[in-house]
Colleague: 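Here it is, the structure, as structure tokens.
Atoms within each ligand, like the ligands themselves, are counted from 1 in listed order.
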Amino acid sequence: MTVTDLVSYEDVLASYDPVMGLEVHVELGTNTKMFCGCSTTLGADANTQTCPTCLGLPGSLPVVNATGVESAIRIGLALNCEIAQWCRFARKNYFYPDMPKNFQTSQYDEPIAFNGFLDVQLEDGEVFRVEIERAHMEEDTGKSTHIGGATGRIHGASHSLLDYNRAGIPLIEIVTRPIVGAGARAPEVAKAYVAELRELIKALGVSEARMEMGQMRCDVNLSLRPIGREKFGTRSETKNVNSLRSVERATRFEMQRHAGVLNAGGTILQETRHFHEEDGSTTSGRIKEEAEDYRYFPEPDLVPVAPSREWVEELRGTLPELPRLRRNRLREEWGISEHEMQSVLNAGALDPILATIDAGAPADQSRKWWMGELARRANEDGVDLGSLPITPEQVARLCELVAEGSLNDKLARQTIEGVLAGEGTPDEVVDKRGLKVVSDEGALGKAVDEAIEGNAAIADKIRGGKVAAAGALVGAVMKATRGQADAARVRELILEKLGVEG
Ligand code: ADP
Ligand code: MG
Ligand code: ZN
């Protein structure tokens, strides 16, 4: 398959209707693994967070992590799912070096949560309901690193290294029902769903859900059916599509590729595919196993999970406000448009803005700095807003200094520059750089007198009633005070001294 066989997006839609299925794995942020007491802290030396259970040594026995189950139930409830009265784990049998037990402890036909939905809001404000088939508990595998190959793939490698620190970290897999009816907006719906799910997971506090760190991973299933036909086509499953943008691109690419194959009279294979970040394409992985290949059977070493209805209701009481509803509420409170809210979200500014408001800043000021100067600086440095070396408390303090008139916008920007450069807190930067607005009336009056003296012709014009000319004198004073004066006050003083009404 070459890229020239891709059908244009418009032509895909003229003949076909896309059907999607999204499988999202979320790594829970529990302190210990799902079936043993090993630590889950990231960044430890390889294989230092392992024990006989997560290494699959003979005689070891697993025990379920109660927090893992609790998180699974809360995710299920937030996704409007039913919670199983009784369910079991299952062994999914296969050999792979990163999974020393030779089976993954998962759930099969008895998931902890099932039959739910998540409403996602599209860019134009329309709400699209994505139905959830199930959310089930399982464990992560270890991590293989292939050495010697060109791309980090096993192909061409001389040897591989294995780190089992990740083996046994709790995962929740959330699987949608086939998503139909999205039409041209299928890629947008896919992206919006994953984005919404990520926000929800974060709001629940069960995981940081950072896709770039592999804490949340998405497989994109896609098929096309000729318009008007009921029966679904064969799907491809693009694995590990690990950013929101990639989810959108992978969906779009697969639609165009499927149409190319189908138009040429070919058949789509039910296979897994790899996504390539560089050009947004996918390439063939392996032909998909059927469930029976895994010889699933109920895990005999673990007791069934039977959450009491009281516990489930108690957990329901801990659910946070849904991110979508919270966004809409904030948008109304702040009096901003859908589009402006979208920019806030795209910039990753919502959390910093809220934290700054929590620290005492007015909403509009908090928004102004995070979406203005700070967004510009983050963009320049190619980092997230959240990783700029300035805290919400410091931004709140900056807002306060501006509100009390100690800083004007220009000086505030210089203060930000100092804080970001590691020169200290806003107050320290203001001190060290001498950035306070010149509000000392004596000093200001002197600067104004000098400006009037030095620009006699302009001063005469103003005396003669040409008030608009005052701008030039204001400019001169601002220059003389290195921008550290309050321009409005300077203008007042000039007019006062020249004896004209403003
Ligand atoms: P597997 O374990 O083979 O990946 P799952 O049932 O876990 O199977 O996930 C398959 C995903 O693909 C689900 O989200 C499902 O709704 C979706 N799906 C199933 N059939 C189709 C199809 N024909 N076209 C697109 N998506 C599909
Ligand atoms: Mg799958
Ligand atoms: Zn362990």
Side-chain angles (χ1 to χ4, degrees), residues 16-25 30-41 44 47-57 60-65 90 92 94 100-101 104-109 111 114-118 130-136 138-140 142 163-182 186 189-190 193-194 197 217-225 229-241 247 250-251 254-255 258 262 268-273 285-294 296:
Y16 301 102
D17 177 23
V19 176
M20 293 183 290
L22 297 163
E23 297 167 76
V24 174
H25 287 88
T30 52
N31 295 327
T32 56
K33 293 185 180 180
M34 193 63 192
F35 303 112
C36 63
C38 288
S39 166
T40 56
T41 311
N47 296 308
T48 55
Q49 296 174 163
T50 56
C51 73
T53 299
C54 55
L55 289 176
L57 302 187
S60 60
L61 283 175
V63 178
V64 174
N65 180 332
K92 183 180 184 183
Y94 63 102
K101 296 192 295 186
Q104 180 187 29
T105 307
S106 181
Q107 292 196 290
Y108 179 47
D109 48 358
F114 50 95
N115 277 349
F117 63 86
L118 180 63
V130 174
E131 293 181 355
I132 307 293
E133 179 185 301
R134 65 176 194 273
H136 71 244
E138 58 182 37
E139 58 178 339
D140 213 342
D163 175 7
Y164 294 111
N165 285 351
R166 201 179 66 183
I169 289 192
L171 291 181
I172 304 297
E173 177 172 346
I174 300 153
V175 183
T176 69
R177 285 193 199 287
I179 302 170
V180 298
V189 167
Y193 166 75
V194 178
L197 188 56
R217 321 196 271 267
C218 181
D219 301 339
V220 176
N221 293 268
L222 183 111
S223 66
L224 294 181
R225 53 181 176 181
R229 208 175 75 161
E230 197 64 26
K231 196 168 170 284
F232 294 161
T234 303
R235 68 182 155 114
S236 58
E237 179 180 354
T238 306
K239 302 294 265 183
N240 294 323
V241 189
V247 168
T251 306
E254 280 298 280
M255 286 170 67
H258 278 227
L262 296 172
I268 295 290
L269 300 174
Q270 186 172 331
E271 61 181 359
T272 65
R273 297 185 68 86
R286 60 185 156 83
I287 295 299
K288 187 74 183 167
E289 303 77 8
E290 296 295 333
E292 35 297 5
D293 297 329
Y294 289 117
Y296 279 100

Colleague: With a 4.0 Å heavy-atom cut-off (strictly under), which part of Arg134 contacts ligand 1: side chain, backbone, both or neither?
Modeller: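 Side chain only.
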
Colleague: Just by modelled atom types, is the Glu237 backbone N or O under 3.5 Å from a matching donor or acceptor in the Asp219 side chain?
Modeller: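 Such a contact is absent between Asp219 side chain and Glu237 backbone.
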
Colleague: Under 4.0 Å from a heavy atom of Met20: give me the atoms of ligand 1 that qualify, with their elements.
Modeller: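 Counting from 1, the qualifying ligand atoms are 26 (N).
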
Colleague: Which is closest to atom 10 (C) of ligand 1 in terms of heavy atoms, Arg235, Glu237, His258?
Modeller: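 The nearest heavy atom belongs to Arg235.
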
Colleague: Taking the side chain as C-beta and beyond, is there a heavy-atom pair between Leu22 and Cys218 under 4.5 Å?
Modeller: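 With C-beta onward as the side chain, the pair touches.
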
Colleague: Indicate yes or no: does Lys92 engage Asp293 in a salt bridge with an N to O separation below 4.0 Å.
Modeller: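 A salt bridge is absent here (no side-chain N lies under 4.0 Å from a carboxylate O).
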
Colleague: Under 4.0 Å, heavy-atom basis, I'd like to know which part of Leu22 is in contact with ligand 1: side chain, backbone, both or neither.
Modeller: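 It is the backbone that touches ligand 1; the side chain stays farther off.
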
Colleague: Check the side chains of Glu138 and His136 for a donor-acceptor pair under 3.5 angstrom, ignoring hydrogens and angles.
Modeller: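 His136 vs Glu138: donor-acceptor pair found between side chains.
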
Colleague: Charged N to carboxylate O below 4.0 Å: is that the case for Lys101 and Glu139?
Modeller: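 Between Glu139 and Lys101 there is a salt bridge, with a charged N closer than 4.0 Å to a carboxylate O.
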
Colleague: Among Asn221, Thr176, Thr272, which one puts a heavy atom closest to atom 13 (C) of ligand 1?
Modeller: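 The residue whose heavy atom sits nearest atom 13 (C) of ligand 1 is Thr176.
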
Colleague: Using a 4.0 Å cut-off to any heavy atom of Arg177, which atoms of ligand 1 qualify?
Modeller: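 Result: 16 (O).
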
Colleague: Quick one: do Arg217 and Asp140 satisfy salt bridge (Lys or Arg N to Asp or Glu O under 4.0 Å)? Show the steps, please.
Modeller: CA-CA 12 Å; Arg217 321 196 271 267; Asp140 213 342; 2.9 Å; yes

Colleague: Short list, please: which atoms of ligand 1 are under 4.0 Å from a heavy atom of Gly233?
Modeller: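 So the atoms of ligand 1 that pass are 23 (N).
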
Colleague: Give, rounded to 10 degrees, the angle between SG (Cys54) and SG (Cys51) as seen from the Zn ion (ligand 3).
Modeller: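 If I round to 10°, I get 110°.
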
Colleague: At less than 4.0 angstrom from any non-hydrogen atom of Pro178, what atoms of ligand 1 do you find?
Modeller: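 Those qualifying, in numeric order: 16 (O).
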
Colleague: As an exercise, identify every atom of ligand 1 less than 4.0 angstrom from a heavy atom of Val175.
Modeller: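 That gives atoms 9 (O), 13 (C), 14 (O) of ligand 1.
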
Colleague: Just one of Asn221, Val220, Val130, Thr251 clears the side-chain contact (heavy atoms from CB on, under 4.5 Å) bar with Met20, so which one?
Modeller: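 When side-chain contact (heavy atoms from CB on, under 4.5 Å) is applied between Met20 and each of Asn221, Val220, Val130, Thr251, only Thr251 qualifies.
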
